[in-house]
Colleague: 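I'd like to ask some things about the structure below.
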Amino acid sequence: MLPKDKDPTANLCSSNMTTALALLGFAFVAIVCISFAGKYHNNHVSVPPKLKTFDEIRLSIGDHLIKSVNGTKIRQNLRAITPEPHVAGTAANARVADTISRIWKANGLENVHFVEYDVLLSYPDYDAPNHVSVIDRAGKTVFKSNGTSPVIIPSEQSAPGAGVQWVAYAAAGTVQGEPVYAHYGRQQDFERLEKLGISVKGRVAIIRYGFCFRGDKVAFAQKAGAIAVVLFSDPAEVAKNGTDFSQLYPNSEWLPSGGVQRGSVMNGDGDPLTPLVPSKADVYPTRTIDEAYAQHVLPKIPVLPISYGDAYEVISRLNGRPVPLDWQGGLNFTYRLGPGFKDAGTSIKVEVRSTLKKRHIRNVVGYIKGAVEPDQYVILGNHYDAWVYGAMDPNSGTATLAEVGRALVQTMKDTHWRPARTIMFCNWDAEEFGLVGSTEFLEEFEKQLTDRAVVYLNVDTIHSNLSFEANTIPSLFQVVVDTAKRIPNPMKSEIKRARKTVYDTWVRAFPGNKTPSYPDFPDMPVPGGGSDQSGFLNFLGIPVVDFLYRNTSWSEYPLYHSMYETPFVSEHIFDTNDFAVHKAVGQFWAELARKFADQPIIPINISILADQLLNNYVHDLKVAIEPLKHRYPEAEDARVQLSHLIKHCQHFVHRARQVESEITALKQRNHDFLNPDQRISQLSRRLMKVERCFINPRGQPGSPTKRHLLYSTSDKDCYSSTVMSSVYDSVYDLVNAKTTKDKVAAGRDLASAISLVQLGVQCAVKTFDAAI
Ligand SMILES: *[C@@H]1O[C@H](CO)[C@@H](O)[C@H](O)[C@H]1NC(C)=O
Ligand SMILES: *[C@@H]1O[C@H](CO)[C@@H](O)[C@H](O)[C@H]1NC(C)=O
Ligand SMILES: *[C@@H]1O[C@H](CO)[C@@H](O)[C@H](O)[C@H]1NC(C)=O
Ligand SMILES: *[C@@H]1O[C@H](CO)[C@@H](O)[C@H](O)[C@H]1NC(C)=O
Ligand SMILES: *[C@@H]1O[C@H](CO)[C@@H](O)[C@H](O)[C@H]1NC(C)=O
Ligand SMILES: *[C@@H]1O[C@H](CO)[C@@H](O)[C@H](O)[C@H]1NC(C)=O
Ligand SMILES: CC(=O)N[C@H]1CO[C@H](CO)[C@@H](O)[C@@H]1O
């Protein structure tokens, strides 16, 4: 029974896993207890009969797993999840949760259950839609938007209320006034309006979607004094091939003229009433609604999204001078800034009905329990709540996740393999309102997850067949690239061009010029705040990968958050070959999970992290800070701190190299991992903890949940992820400071922010030393 014989194809195993585990005591061995040879002869596993090393066996299990993912089943799951609109907190979404739970159980996941919260959500009046109107001097309505988008495919879109146009957390109210065109509604757009002498104060801001989070647009407008915001999708973004019917959905993926992007305009993550604590009935809420308004978490003004068909009626009537050239959109006339309409005395009226409601939400959680390290979790997640039917955002991911679970369980049955670590499946609720379900979960299980989570692998939306993309952090670059190289290309057109794998198309679409030392790496941006991976990385310091199939030129897609996101789009427009693209995403998800759950040494690569820190992040920071010395004596401390940071990064590079050789030595000593020693599990644990070093438990000033020193996003810059944003924010404050006193304070903040990063680096080095 004991594995003296290292040939795993020999009959090493007891059929009873528990006995094997008990006998072996410490045992990655147990998990290779597969009568591979026997299975091979039963034709269940198509692996060559003579497998030598642990890696070979594992790759053959991976091959089996990759083959097990079935596109037809993903399509069936998608249909099962998207028959009706399912906004979080509604009965329809509760039915979706039940469906997911049923599918997961049927697929063989263990301990499938709900983790529930009561949170503050927001709803329109589905029986009385919101309107924007143009009212002339005599009080006559010259134009009134319908408030609902037309049904185009009746068999998929006929649910009552599906077409209602709204954004969540908009204030209720009716306001009337002069319109002003504010372009994308970013801070710089409002600054430009001010320079052009146009005030938004007391007026209605007309803002085009794109380039930053809609909640930031509304916050900037409110700050500038706007009394309401009208958001619209411009054809320049969503109907690039013209607005002729033949060019639009359902003949293509471009947004039809009546389509509208819904969304949330809350600023902040999680239940607005319970920052930092879970929304449980017996936990005292940490914020009141009044505080949420006062802290600009919830807007005080009405907000309404309209279609470009309706925007035409409003914007074409605007008075004033033409917009700056780069502000012109895709409607067929010259945009004007306002204020007001050409017809004197005409005004715009915005009517929004909305209510805040405390509602019950349910995250769905299930497991495949690990055979060796059941307390280490490889977490796979996606949200399931949608603005309407959600066939792309998010249920492309939901349908795929369910199939990943099924394929893993099937592979376990076929090969008698079980992963060493636990694989945990999470389907989040109320993500659309502001990452609510995952945030509450992270707040409730902060300590356990800090201790147990190995990695979090997120998929939100599959919305194109052009290219795979992974957003991740340097320590995972290598494993992500290696895995993408193993996944067959889902597009026949790409295979014909000799791009055989998902990786081949990806590296061509997104070449990695930002990592010159790794020429075969595609560009892998740090994940931003737009989906559930956000808190895992920024609040708890858990390594994350957020991946998708997307367009190569635009990370969004024209039908985003519209009522037309139904299965028709994937089945008949972008994934017509039996869901080959969804399947490829599932294959990548499953295989990456297997690697994290199964490799004795967790595939976290700190050499790359150390290298990126020194040669990329800190190098760029140096370039930003050096020039300050001529004009800002207040930056002197920061320059000294920077030299300390550089020294510690060099130390980290050196230590990483030592760890690298340690790993090599361990691999040689235990070349097939059939007799792993304790050093392996110790090293794995250390690798797992490195990212936690960059968590500052106090968070950024004013943002206690943004705790990652390298990757937390900045309040000054909507949405996008930058590296070391609190350091750069201090640079910004310094160069914008007006008084000496402010400059001195900003200089100190800058030095302090650099010093915190340095402490993170020192912690990372120390993680690999037994003695402190
Ligand atoms: C994929 O699933 C479908 C539907 O369950 C099934 O008919 C088909 O045989 C499966 N394909 C493979 C290759 O197993
Ligand atoms: C709005 O448009 C829908 C779909 O075209 C139509 O069914 C409905 O009657 C319209 N409602 C109003 C108030 O015009
Ligand atoms: C764009 O429109 C032209 C005709 O106006 C058509 O030939 C072409 O195929 C369209 N392109 C796409 C991508 O739909
Ligand atoms: C501009 O677009 C509107 C709305 O689609 C259309 O009614 C009008 O005919 C167009 N005008 C021109 C000059 O193309
Ligand atoms: C890929 O997507 C494009 C639209 O973006 C579509 O025209 C094409 O048919 C799709 N290919 C497949 C195989 O689904
Ligand atoms: C880490 O990545 C580097 C660069 O790609 C590679 O040379 C090294 O082998 C990797 N280390 C491990 C342990 O995989
Ligand atoms: C819908 C969409 O954004 N399509 C774009 C996808 O990328 C190609 C290639 O860059 C563009 O031509 C499309 O306009």
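Both ligands and their constituent atoms are indexed starting at 1 by order of listing.
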Colleague: W589 and side chain to side chain contact (heavy atoms under 4.5 Å, CB included): which single residue from L408, L457, V69 fits?
Modeller: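 Exactly one candidate clears the test, L457.
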Colleague: Distance-only criterion, 3.5 Å: show the donor-acceptor pairs between side-chain atoms of residues 391-402 and protein atoms not counting sequence neighbours.
Modeller:
| from | atom 1 | to | atom 2 | distance (Å) |
| --- | --- | --- | --- | --- |
| D393 | OD1 | H383 | NE2 | 3.2 |
| D393 | OD2 | H561 | NE2 | 2.8 |
| N395 | OD1 | H86 | NE2 | 2.8 |
| N395 | ND2 | Y384 | O | 3.3 |
| N395 | ND2 | T398 | OG1 | 2.9 |
| S396 | OG | M392 | O | 2.6 |
| S396 | OG | I462 | N | 2.9 |
| T398 | OG1 | N382 | OD1 | 2.7 |
| T398 | OG1 | H383 | O | 3.2 |
| T398 | OG1 | P394 | O | 3.2 |
| T400 | OG1 | S396 | O | 2.7 |

Colleague: Got a salt bridge between E403 and K73, using NZ or NE/NH1/NH2 to carboxylate O under 4.0 Å?
Modeller: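 Not counted as a salt bridge, because no side-chain N and carboxylate O are separated by less than 4.0 Å.
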Colleague: Could you check atom 9 (C) of ligand 7 against the protein and tell me its nearest heavy-atom contact, residue, atom and distance included?
Modeller: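 Scanning the protein heavy atoms, the shortest distance from atom 9 (C) of ligand 7 goes to T552 OG1, 3.6 Å.
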Colleague: For W506, is the NZ or CZ atom of K485 found under 6.0 angstrom from the centre of its six-membered ring and inside 45 degrees of the ring axis?
Modeller: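 No cation-pi geometry.
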Colleague: For this output row, return yes or no: ring centroids of F588 and F547 closer than 6.0 angstrom.
Modeller: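 Under 6.0 Å, so yes.
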Colleague: Quick one: are the ring centres of Y209 and F232 less than 6.0 Å apart?
Modeller: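 Distance test on ring centres: not under 6.0 Å, no.
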Colleague: Has ligand 7 got any nitrogen or oxygen that is less than 3.5 angstrom from a nitrogen or oxygen of W554?
Modeller: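 No; every N/O pair is 3.5 Å or more apart.
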Colleague: Hey, is R208 close enough to E237 for a salt bridge, meaning N to O under 4.0 Å?
Modeller: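 Salt bridge between R208 and E237, a charged N being under 4.0 Å from a carboxylate O: yes.
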Colleague: Can you tell which part of Y557 has a heavy atom less than 4.0 Å from ligand 7: side chain, backbone, both or neither?
Modeller: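 No part of Y557 is near ligand 7 at this cut-off.
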Colleague: Does the protein place any heavy atom closer than 4.0 Å to atom 7 (O) of ligand 7?
Modeller: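 True for atom 7 (O) of ligand 7.
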Colleague: For atom 1 (C) of ligand 7, grab the closest protein heavy atom and report residue, atom and distance to one decimal in Å.
Modeller: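 Atom 1 (C) of ligand 7 sits closest to the protein heavy atom W254 CH2, 3.4 Å.
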Colleague: Taking only Lys NZ, Arg NE, NH1 and NH2, and the carboxylate oxygens of Asp or Glu, determine whether E494 and R508 approach each other closer than 4.0 Å.
Modeller: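 The answer is no: the pair does not qualify as a salt bridge.
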Colleague: Would Q410 and D414 count as a side chain to side chain donor-acceptor pair (under 3.5 Å) here? Give the steps.
Modeller: CA-CA 6 Å; Q410 189 194 319; D414 292 349; 3.2 Å; yes
Colleague: Assess whether a salt bridge exists between D769 and K766, defined as any Lys/Arg side-chain N lying under 4.0 Å from an Asp/Glu carboxylate O.
Modeller: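 Salt bridge present between D769 and K766.
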Colleague: Out of all atoms in ligand 7, which are within 4.0 Å of some heavy atom of L466? Include the element for each.
Modeller: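 Under 4.0 Å from L466, ligand 7 has these atoms: 6 (C), 7 (O).
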Colleague: Which protein residues come within less than 4.0 angstrom of ligand 1, counting heavy atoms only?
Modeller: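 Shell around ligand 1 (4.0 Å, heavy atoms): N70, T72, K73, Q76.
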Colleague: With a cut-off of 4.0 Å, which atoms of ligand 6 are near a heavy atom of Q478?
Modeller: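 Checking each atom against Q478, I get 2 (O), 3 (C), 4 (C), 5 (O).
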Colleague: Does ligand 6 have a heavy atom under 4.0 Å from the side chain of I601, from its backbone, from both, or from neither?
Modeller: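 Contact part for I601 vs ligand 6: neither.
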Colleague: Could you identify the single nearest non-hydrogen protein atom to atom 5 (C) of ligand 7 and state the distance to 0.1 Å?
Modeller: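 Ranked first by proximity to atom 5 (C) of ligand 7 is N551 ND2, 2.8 Å.
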Colleague: Quick one: look up the protein heavy atom nearest atom 11 (C) of ligand 7 and list residue, atom name and how far away it is.
Modeller: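 Scanning the protein heavy atoms, the shortest distance from atom 11 (C) of ligand 7 goes to S553 OG, 3.7 Å.
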Colleague: Between P558 and ligand 7, which part of the residue brings a heavy atom under 4.0 Å of the ligand: side chain, backbone, both or neither?
Modeller: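 The side chain, only.
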Colleague: Ignoring angles and geometry beyond distance, decide whether E660 reaches within less than 3.5 Å of ligand 6 through its nitrogen or oxygen atoms.
Modeller: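 Yes.
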Colleague: Using a strict cut-off of less than 4.0 Å between a Lys/Arg side-chain nitrogen and an Asp/Glu carboxylate oxygen, indicate whether D578 and R75 qualify as a salt bridge.
Modeller: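 Answer for the salt bridge query: yes.
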Colleague: Side chains of S607 and E660: do they bring a donor and an acceptor to under 3.5 Å?
Modeller: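 Short answer, yes.
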Colleague: Which ligand 6 atoms does N605 reach within 4.0 Å, using its non-hydrogen atoms?
Modeller: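 The atoms of ligand 6 under 4.0 Å from a heavy atom of N605 are 1 (C), 2 (O), 3 (C), 8 (C), 10 (C), 11 (N), 12 (C), 14 (O).
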